[in-house]
Amino acid sequence: MMWSGSNKLVLLVTLVSSLGTQGQNLVLNGSFEEYTECPPSFGYWANVVGWISPYTQSADYYNACASGTVSSVPQNTVGYQHPSEGDAYMGIITYSPAVPYREVIATELTEALQPGVPTYVTYKVSSGGGGSNINNTPTWAAKGPGVNFFIQLPETSQPWLFSGWASYLFPNQAVVDMPGILNDTLNWVTVSGVFVPDSAYTWLAIANYFENDFSQLELLDSMAQSDKAYAYVDEVCVSQVPGYCEGITAVQLVDHVPSTVWCIMSEGMLTVWAGEEFQSSFLTLRTVHGQLIWRQSWNSPGGVWSMPIPNLASGLYLLTIHPQRGMPHTLRVVHSLYP
């Protein structure tokens, strides 16, 4: 998972398998351009084709077609931001200090995810701020929204009770997540990540899935009157073919790995590039559950080290570099095989 512009990157190269229509964006209307009518005010999430607001049913839709400065772009009641693409975006409350209030947007994928196949996700977020109405302008910045996948969404047959979402809403994790605080009101931040699904998930939902104590609160605007944090969302993409979604050439590091470290893993061959300070290290490869697969001392006289690792299944793995001095450095790598 990667926050572009702030984290060092590990190059991730995987092999494209023949997945038929999986090469498409599996998110319908990922930039929110298709709508039934222009939003007359905030709260009109239902005007967006293919998307719902399944928890509080109060997410917002902004489109340049709207008149005035309440639900239009770039100026609207919550902030000032041009769309990352096209004429529209959506917005959600990501934090409220008084009660753990959250807004959620969700969509059904055009095809179910294939279990065991690396899945690539990107989306763009920006913080609200500087809105046309000071009573709706967020006072706070908080942790940016993340993405979770579901076979079925939590129960919403009685949405006024919020029973299903209320019991699920704070797992304090997301399969793709934005690290750090979303406090940029000028630019769009690209969040991207790779995960390997264990089930045939059919739904995607975007929210801040972390409790208030883990939401990294920061003052954004002392003059604002809305005691909340807020995020705009645009350009949501999910694909099981690497390279289809913008920016999926890298994954966020588990640890802070220097930019001199790079790794590629494909077809049972692991290749690592590293600076001289790591060439007396030993390396370990583990599953995400901690099972040790392989351990080897760095035995290359140059900056490139390559080693076959046979019988390695497709999936997500953790490669750790253990230097002679200092802390170990762990990075996530995805391994894919031709079918």
Side-chain angles (χ1 to χ4, degrees), residues 3-6 32 39-45 48 53-63 66 68-84 88-106 123-147 162 165-166 169-174 177-191 205-234:
W3 184 3
S4 65
S6 68
F32 315 113
S41 185
F42 53 87
Y44 277 78
W45 58 267
V48 185
S53 179
Y55 177 36
T56 57
Q57 301 198 355
S58 56
D60 304 308
Y61 180 48
Y62 305 98
N63 194 303
T69 59
V70 176
S71 55
S72 189
V73 299
Q75 184 70 72
N76 51 63
T77 189
V78 175
Y80 185 96
Q81 183 59 271
H82 291 274
S84 174
Y89 48 75
M90 293 190 77
I92 54 176
I93 290 173
T94 56
Y95 175 91
S96 176
V99 294
Y101 180 87
R102 299 289 187 272
E103 291 178 337
V104 183
I105 55 174
Y123 58 102
K124 294 187 178 181
V125 291
S126 181
S127 174
S132 60
N133 187 337
I134 195 170
N135 293 314
N136 293 325
T137 297
T139 302
W140 306 102
K143 186 172 180 16
V147 172
F162 309 142
W165 277 106
L169 193 58
F170 301 111
N172 291 324
Q173 62 181 357
D177 197 33
M178 175 189 151
I181 300 171
L182 179 61
N183 56 11
D184 194 335
T185 61
L186 299 178
N187 305 294
W188 288 96
V189 175
T190 300
V191 185
I206 300 175
N208 173 18
Y209 291 100
F210 286 76
E211 298 173 277
N212 281 5
D213 288 345
F214 301 101
S215 288
Q216 306 174 46
L217 189 65
E218 177 183 282
L219 181 65
L220 182 71
D221 184 347
S222 61
M223 302 298 293
Q225 298 299 305
S226 179
D227 198 23
K228 296 175 176 64
Y230 195 88
Y232 297 128
V233 182
D234 203 356

| message | If we ignore hydrogens and angles and just use 3.5 Å, is the side chain of T185 paired with the main-chain N or O of G128 as donor and acceptor? | response | no
| message | A side-chain contact here means heavy atoms from C-beta on lying under 4.5 Å apart; do N208 and I92 qualify? | response | no
| request: Mind running side chain to side chain contact (heavy atoms under 4.5 Å, CB included) on R102 and N212 for me, showing each step along the way? | output: CA-CA 10 Å; R102 299 289 187 272; N212 281 5; 2.9 Å; yes
| query | Between the main-chain N or O of P39 and the side-chain N or O of N63, is there a donor-acceptor pair closer than 3.5 Å? | reply | no
| So, T77 versus N136: side-chain donor-acceptor pair below 3.5 Å or not? | yes
| query | Any idea which heavy atoms bring A224 and P138 closest together, and the distance? | reply | CB-O, 3.5 Å
| task | Please step through side chain to side chain contact (heavy atoms under 4.5 Å, CB included) for the pair T139 and L219, ending with a clear verdict. | result | CA-CA 6 Å; T139 302; L219 181 65; 3.8 Å; yes
| task | Quick one: sort the Y230 and Y62 rings into parallel, tilted or perpendicular, breaks at 30° and 60°. | result | perpendicular
| query | In Å, rounded to the nearest 0.5 Å, how long is the span from CG of D60 to CD of E103? | reply | 5.5 Å
| Is a donor on one side and an acceptor on the other found under 3.5 Å between the side chain of T94 and the backbone of P145? | no
| message | Strictly by salt bridge (charged side-chain N to carboxylate O under 4.0 Å, His left out), give each pair with a member in residues 178-187 just once, sequence neighbours left out. | response | none
| task | Carefully, step by step, assess W188 and S126 under the rule side chain to side chain contact (heavy atoms under 4.5 Å, CB included). | result | CA-CA 5 Å; W188 288 96; S126 181; 3.8 Å; yes
| message | Let me confirm one number: the CG-OH distance from L182 to Y232, rounded to the nearest 0.5 Å. | response | 11.0 Å
| Euclidean distance, T190 OG1 relative to D234 CG, rounded to 0.5 Å | 10.5 Å
| Contact summary for N135 and S226, nearest pair of heavy atoms | O-CB, 3.4 Å
| query | Counting distance only, does the side-chain N/O of Q225 pair as donor-acceptor with the main-chain N or O of M223 below 3.5 Å? | reply | yes
| Is the closest side-chain donor-acceptor distance between D221 and T137 under 3.5 Å? | no
| message | Rounded to the nearest 0.5 Å, what separates atom OH in Y89 from atom NZ in K124? | response | 14.0 Å
| field | Any donor-acceptor N/O pair, Q75 side chain to G79 backbone, under 3.5 Å | value | yes
| query | Considering all heavy atoms of both residues, which atom of K143 and which atom of Q216 are nearest to each other, and what is their separation? | reply | CD-NE2, 4.0 Å
| said: Please give me the minimum heavy-atom distance between S71 and P40, naming the atom from each residue. | reply: OG-C, 3.8 Å
| message | Measuring from atom CZ of F170 to atom CZ of F210, what distance do you get when rounded to the nearest 0.5 angstrom? | response | 11.5 Å
| message | Rounded at 0.5 Å granularity, tell me how far CG in N133 sits from CZ in F42. | response | 7.5 Å
| request: Applying side chain to side chain contact (heavy atoms under 4.5 Å, CB included), name anything that partners E218, two or more places apart in sequence or on another chain. | output: A141, I181, N183
| field | side chain to side chain contact (heavy atoms under 4.5 Å, CB included) partners of L217, counting only residues at least two apart | value | Y95, W140
| field | Contact summary for G144 and D177, nearest pair of heavy atoms | value | O-OD1, 4.0 Å
| If you look at every heavy atom in S41 and V70, which pair is closest and at what distance? | OG-CG1, 3.8 Å
| said: Using side chain to side chain contact (heavy atoms under 4.5 Å, CB included), reason through M90 and W45 one step at a time and then give a plain yes or no. | reply: CA-CA 8 Å; M90 293 190 77; W45 58 267; 3.8 Å; yes
| What about Y61 and Y44, are their ring centers closer than 6.0 Å? | no
